[in-house]
Amino acid sequence: HSFPTRRSSDLSWDIGNKVQNLTDIEIEYGLKGKEQKTQLCTAKKRSFTFKGLKEGKCYTFRIRGISDHRNTKAGIVYGKWSKRINCIIPTIKIKKEVTVTQGKTKSLGASITGKSKKAKWSSSDNSIATVDQKGNVTGKKEGTVKVTVEANGVKKTCTVKVSVPVKAVSARSSHTAILKTDGSLWMCGYNSRGQLGDGTTTERHTPVKIMTGVASVSAGGYHTAILKTNGSLWMCGDNSWGQLGDGTTINRSTPVQVY
């Protein structure tokens with residue numbers, strides 16, 4: 001008996017050279033402890049594939065030969081049933097999607113049934129999230145990856161989203177600045193003067209990433225001040241009165257360095 005793959009199982013056998021006048025092979029199979037079904041095969045057949053089996057369930061199989069003893073008065077003779085073979089159709093149960101915080105570790109908690117409990121884990125992008133061989137995933141940076149677990153010929157995939165916590169928020173009536181713990185700056189809201197700093201004057205209803213390496217941010221009426229981790233000061237937005245400090249009165253839709 002070959003170990004089953006997902007929802008199917010192959011049974012093969014060897015008759016030997018002592019059996020004479022073999023006419024048919026009878027196979028008995030079914031869920032363990034339940035009513036068994038039978039399947040007839042020709043005498044020449046040496047294997048059979050069972051399909052439509054249920055994942056995670058235990059099945060039993062056994063075979064016997066049917067021989068036509070023409071040289072005796074016994075007629076059709078049924079051989080002894082072979083020893084029962086038990087097998088579990090393998091399966092893997094795992095969440096379809098999980099979220100893990102950057103720098104944190106979370107167990108994906110896969111449930112494996114089958115001949116072996118040993119699984120192989122892998123991440124589609126280790127720079128975003130890594131996974132050890134126990135199914136513990138660690139967030140590295142913001143993004144989305146596919147984590148795959150494989151065992152007993154079965155493969156399942158989980159979508160892992162890595163999120164970055166918010167460090168600080170600065171908001172005025174028309175726009176909002178969001179600073180995350182990784183130093184990335186995100187903006188949303190009204191953008192008529194370029195105060196979001198995304199290079200446009202398009203209103204944003206969801207946060208857009210502006211830059212990295214930010215230490216703090218302050219949202220003004222229609223302009224934004226950004227202090228970076230290296231101590232430099234950047235400004236964007238309305239500049240009607242020279243409030244950006246860049247020596248002009250030109251609105252800036254992309255942050256310009258002032259100091």
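Keep in mind that the numbers below use all heavy atoms, side chains included, and drop hydrogens, waters and symmetry copies. Quick caveat: nothing in here was measured; it's all calculated off a predicted structure.
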message: Would Lys156 and Thr148 count as a side chain to side chain donor-acceptor pair (under 3.5 Å) here? Give the steps.
response: CA-CA 6 Å; Lys156 288 290 181 70; Thr148 301; over 6 Å; no
- prompt: So Glu142 and Lys209, salt bridge (Lys or Arg N to Asp or Glu O under 4.0 Å) or not? Walk me through it.
  reply: CA-CA 12 Å; Glu142 193 164 37; Lys209 189 176 182 179; 5.8 Å; no
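Residues Lys134 and Trp121 are not in side-chain contact: their nearest non-hydrogen atoms beyond the backbone lie 4.5 Å or more apart. Using a 4.5 Å heavy-atom threshold, the side chains of Phe48 and Ile25 count as separate. Residues Arg84 and Gln36 are in side-chain contact: their nearest non-hydrogen atoms beyond the backbone lie under 4.5 Å apart.
Qualifying salt bridge (Lys or Arg N to Asp or Glu O under 4.0 Å) partners for Arg193, counting only residues two or more places apart in sequence or in other chains: none. Residues satisfying the side chain to side chain donor-acceptor pair (under 3.5 Å) criterion with Ser47, sequence neighbours excluded, are absent altogether. Every side chain to side chain donor-acceptor pair (under 3.5 Å) that Asn136 has, sequence neighbours left out, goes to Asp132. The side chain to side chain donor-acceptor pair (under 3.5 Å) check on Thr105 picks up Thr138, with sequence neighbours excluded. Taking Asp246 as the reference, Arg252 meet the salt bridge (Lys or Arg N to Asp or Glu O under 4.0 Å) condition, with sequence neighbours excluded. Scanning for salt bridge (Lys or Arg N to Asp or Glu O under 4.0 Å) contacts around Glu26 gives Arg64, with sequence neighbours left out. Among residues two or more places apart in sequence or in another chain, the side chain to side chain donor-acceptor pair (under 3.5 Å) test is passed with Lys228 by none. Remark: Lys95 pairs with no residue by the salt bridge (Lys or Arg N to Asp or Glu O under 4.0 Å) rule, at least two apart or across chains.
Nearest heavy-atom pair across Ser170 and Val217 is CB-O, 3.6 Å. Residues Leu108 and Cys158 approach most closely at CD2-SG, 4.4 Å, considering heavy atoms. When all heavy atoms of Thr200 and Arg204 are compared, the pair lying nearest together is OG1-NH2, 3.5 Å.
Put simply, Val160 and Ile128 are part of the same group of oily side chains (I, L, V, M, F, W, Y) that touch within less than 4.5 Å, one to the next. With hydrophobic clusters built from ILVMFWY side chains whose heavy atoms lie under 4.5 angstrom apart, Ile85 does not share a cluster with Trp81.
Ion pairing between Arg62 and Glu28 holds under the 4.0 Å rule for side-chain N and carboxylate O.
Counting only N and O atoms by type, the side chains of Asn191 and Thr202 include no donor and acceptor under 3.5 Å apart.
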Tabulate below the donor-acceptor pairs under 3.5 Å that side-chain atoms of residues 219-227 make, not counting sequence neighbours, or state none.
residue	atom	partner	partner atom	Å
Thr224	OG1	His175	NE2	3.0
Thr224	OG1	Gln195	O	2.8

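Note on residues 23-42: pairs passing ring pair (Phe, Tyr, Trp, His ring centres under 6.0 Å), not counting sequence neighbours, are Tyr29-Phe50. Residues in residues 216-225 take part in no salt bridge (charged side-chain N to carboxylate O under 4.0 Å, His left out) pair, two or more places apart or across chains. Listed by first then second residue, pairs satisfying salt bridge (charged side-chain N to carboxylate O under 4.0 Å, His left out) with a partner in residues 210-225 number zero, not counting sequence neighbours.
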